[in-house]
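Throughout, a chain's letter reflects where its sequence line sits, starting with A, and its residues are numbered from 1.
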Number of protein chains: 2
Amino acid sequence: MTTAPAAVPAPVPSETETAAQRARRARIISATLALASRGGYEAVQMREVAERSEVALGTLYRYFPSKVHLLVSAMASEVDQLSQRLQKRQPPGKTRAERVSFVLERSTRSLLRDPLLTEAMVRAMMAADATVAAEVNAVRQGMSDLIVQAIRGDDGEQEHDVELAAILQDVWFARQIAWLGGRIEAADVWRDIHLAIGLVLPDD
Amino acid sequence: MTTAPAAVPAPVPSETETAAQRARRARIISATLALASRGGYEAVQMREVAERSEVALGTLYRYFPSKVHLLVSAMASEVDQLSQRLQKRQPPGKTRAERVSFVLERSTRSLLRDPLLTEAMVRAMMAADATVAAEVNAVRQGMSDLIVQAIRGDDGEQEHDVELAAILQDVWFARQIAWLGGRIEAADVWRDIHLAIGLVLPDD
DNA sequence: TGAAATACTAGAACACGTTCCTGTTTCTGG
DNA sequence: CCAGAAACAGGAACGTGTTCTAGTATTTCA
C-alpha cells in the first residue's frame, strides 16, 4: 500500500491508441488464447505470455493489470466473435424455449469444443473481483444480448425478458463451473441447461 | 511429478480419528473462519492458519490438501449449522415461492452478515477443481436439501423439485459472485434472488 | 527542433501457495 | 514393554503472480 505514482496507467483500450499498441494488444490476446487452449488456466503464465507476445513483463501488466483481467478480456473478445456469428439472423424456433435452446446450445458447443480454453476463461470470470467489473460486464452483456434476442424472437420486448436471460446465464455459467469442478460430465452440462430452459421458459 | 510415496494421507475425516486429531481439525477450521471473517480470502494464509491453530504447515496440508479444500470444508461446516437451525421446522408460507423465499432469505442474510467470510468461502467454491468435488458436493447437497424441503412444504415430493432447487441454487451462488465482483450491491443480491424465485416457481 | 513526458525493455525482488527434508513424538501390533 | 510405522514440528526451498528499479526508446507539444 504505497502512495499512488504520478503516472496514470492505460488499462482500457483508448481511442488514442497507436498502431503499435493495437498490435501489441492483439499479440498478447493471441498468445493468451494459444496458451490457454493448450494447457488451461495454469498454463497461462504471465512470463510466458509476455515472452510469446514479444513484450516485457512490465508492459504486459500495463495493458492488463492482472492475469484475471487478461483472461476475461480474452473471453470478451471470444464472446464478441460468437455474438457476431449468431446475431446475423434470428434464431429459428417457434417458442421462446426453442430459440433460446438453439442459441445456448451453439454457445455451449462452441465452448466445450476447446475445453482448456473455456476452463481458463470461465475460471477467470469467477475469480474476478471489483477491479475487473467492467470487463466481466462486457462478457455478460454480450451473452445477455444473445439470449434476450432469442427470447423475443420476432415479437419484440417481453415481460421480464432481461431478468429471465440473467437467470439462464447464471445457470449456464454455474453448470460450466460444475463441469470444471469435475462434478458433472460434459454431456450433462447441456442436459442441465436444456432442462433449465424448459422450466424457466414454459410454453405459453 | 514424482512417484507417489508409500504412505497414504488422510484427507477425509475418518471414523478412526484420535481425539487429538479431531481437536486439531477443529482448531484449524476455527482459525480459518476467524481469519476469513477478518480479512476475506486473501487473509486466509496457510502459514498464518498453521500458526494460529498450533500446527505445523505440513500437518495443515495433511489435513487439508489445499487452501481451497480448507475453505470449502469450512463452508460445509457453516452450511451444516445453518441447515440444522433452519430444518427444525417447516418453513412458513402457503406457496412454494413463499417458503423458498423464507429459506433463501434467511440463508442470504446469514451470509451477508459476515461479508468477508462469505467472500472467502464462495470464492473457494468457485475455484474448486475436481480434487475438491466431494467437499463441494457436500455444500451443495446441504443447500439443496434446504430448498427442496421448502418447495415440498407439507405436500411431499413434487415434479422437478430437485431440478428447480438446483436452478435456484445456481442463481443464488451466481448473484453472490456478482456481488463479490462488485457488479451489484448487497441489496440487489436478495432482490435478484427473490425475482428468480418468482419466475421459476410461479403460483399454480 | 529539442526537451519533457510517456512507454517500453530487461531483469531483480517480493509474496504466498505448495512441496520437501530432517528430526522428534505418538500410535499400533506383537 | 518394544520395534516399526505413522503423524507431527520446524523450517528451507520452489513456482508463479505481481511489483519495482534502472536504463533506453518513442511520442508529444511548445
Side-chain angles (χ1 to χ4, degrees), chain A residues 1-11 13-14 16-25 27-28 32 35-36 39-72 120 123-124 127-129 131-132, chain B residues 1-11 13-14 16-25 27-28 32 35-36 39-72 120 123-124 127-129 131-132:
Chain A
M1 281 306 176
T2 65
T3 50
V8 176
S14 115
T16 69
E17 202 177 38
T18 202
Q21 286 173 326
R22 258 193 306 281
R24 275 193 203 94
R25 189 177 296 275
R27 285 205 308 276
I28 292 171
T32 301
L35 286 170
Y41 188 83
E42 71 169 13
V44 179
Q45 304 196 350
M46 300 305 269
R47 289 173 180 83
E48 183 76 15
V49 171
E51 192 171 338
R52 293 214 183 187
S53 38
E54 295 180 289
V55 143
L57 189 55
T59 303
L60 172 54
Y61 272 93
R62 172 188 296 274
Y63 281 74
F64 300 96
S66 80
K67 177 170 172 173
V68 170
H69 280 83
L70 175 57
L71 280 165
V72 174
R123 206 168 275 287
D129 67 356
T131 69
V132 208
Chain B
M1 281 304 178
T2 64
T3 51
V8 176
S14 116
T16 69
E17 202 177 35
T18 202
Q21 287 173 326
R22 258 191 306 279
R24 276 193 203 93
R25 188 176 295 275
R27 285 205 309 276
I28 292 171
T32 301
L35 285 170
Y41 188 83
E42 68 170 13
V44 179
Q45 305 195 349
M46 299 304 268
R47 289 174 179 84
E48 184 75 16
V49 171
E51 192 170 338
R52 292 214 184 187
S53 38
E54 295 181 290
V55 144
L57 190 54
T59 303
L60 172 53
Y61 273 91
R62 172 189 297 274
Y63 281 74
F64 300 96
S66 80
K67 177 170 172 172
V68 170
H69 280 83
L70 175 57
L71 280 165
V72 173
R123 205 167 275 286
D129 69 357
T131 68
V132 207

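Nucleic acid contact for A/R24: sugar-phosphate only, since backbone atoms but no base atoms lie under 4.0 Å from a heavy atom of the residue. When heavy atoms are screened at a 4.0 angstrom cut-off, A/V44 is found touching the sugar-phosphate backbone but no base atom.
Distance, B/E51 CD to C/dG17 P: 14 Å, rounded to whole Å. Atom pair B/R62:CZ and D/dA5:P shows a separation of 15 Å (rounding to whole Å applied). With rounding to whole Å, A/E48 atom CD is found 17 Å from C/dG11 atom C1'. Distance, B/K67 NZ to C/dT19 P: 15 Å, rounded to whole Å. Atom-to-atom, CG of A/L70 to C1' of D/dT16 comes out at 15 Å; the value is rounded to the nearest Å. If you measure from atom CD of B/Q45 to atom P of C/dC14, you get 17 Å, rounded to the nearest angstrom. Following rounding to the nearest Å, A/Y63 (OH) and C/dA7 (P) show an atom-to-atom distance of 9 Å. The CZ atom of B/R123 sits 16 Å away from the C1' atom of C/dG17 (whole-angstrom rounding).
Between the side chain of A/R47 and the base of D/dT18, a donor-acceptor pair under 3.5 Å is found.
Nearest approach of A/E42 to A/K67, heavy atoms of both residues: CA-NZ, 4.2 Å. Closest heavy-atom contact between A/A120 and A/L71: O-CD1, 3.9 Å. Scanning all heavy atoms of the two residues, the minimum distance from B/R25 to B/Y63 falls at NH2-CD2, 3.6 Å.
Applying the side chain to side chain donor-acceptor pair (under 3.5 Å) criterion to A/R47, with sequence neighbours excluded, gives no partner residue. Residues forming a side-chain contact (heavy atoms from CB on, under 4.5 Å) with A/A19 (at least two apart in sequence, or on another chain): A/R22. For B/A127, the side-chain contact (heavy atoms from CB on, under 4.5 Å) test picks out B/V68, with sequence neighbours left out.
When the side-chain nitrogen and oxygen atoms of B/Q21 are compared with OP1 and OP2 of D/dC8, one or more of them lie within a distance under 4.0 Å. Listed pair B/Y61 / D/dC8 fails the phosphate criterion, with no side-chain N or O lying under 4.0 Å from OP1 or OP2.
Between B/L60 and B/M46, the closest side-chain pair of non-hydrogen atoms falls below 4.5 Å.
Among residue pairs with one or both ends in residues 50-61 of chain B, those qualifying as side chain to side chain donor-acceptor pair (under 3.5 Å) are B/E48-B/R52; sequence neighbours excluded.
If you check residues 52-60 of chain A against DNA chain C, the residues with a heavy atom closer than 4.0 Å are A/E54, A/V55, A/A56, A/T59, listed by number.
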What pairs of nitrogen or oxygen atoms, one from the protein and one from nucleotides 25-27 of chain D, lie under 3.5 Å apart?
none

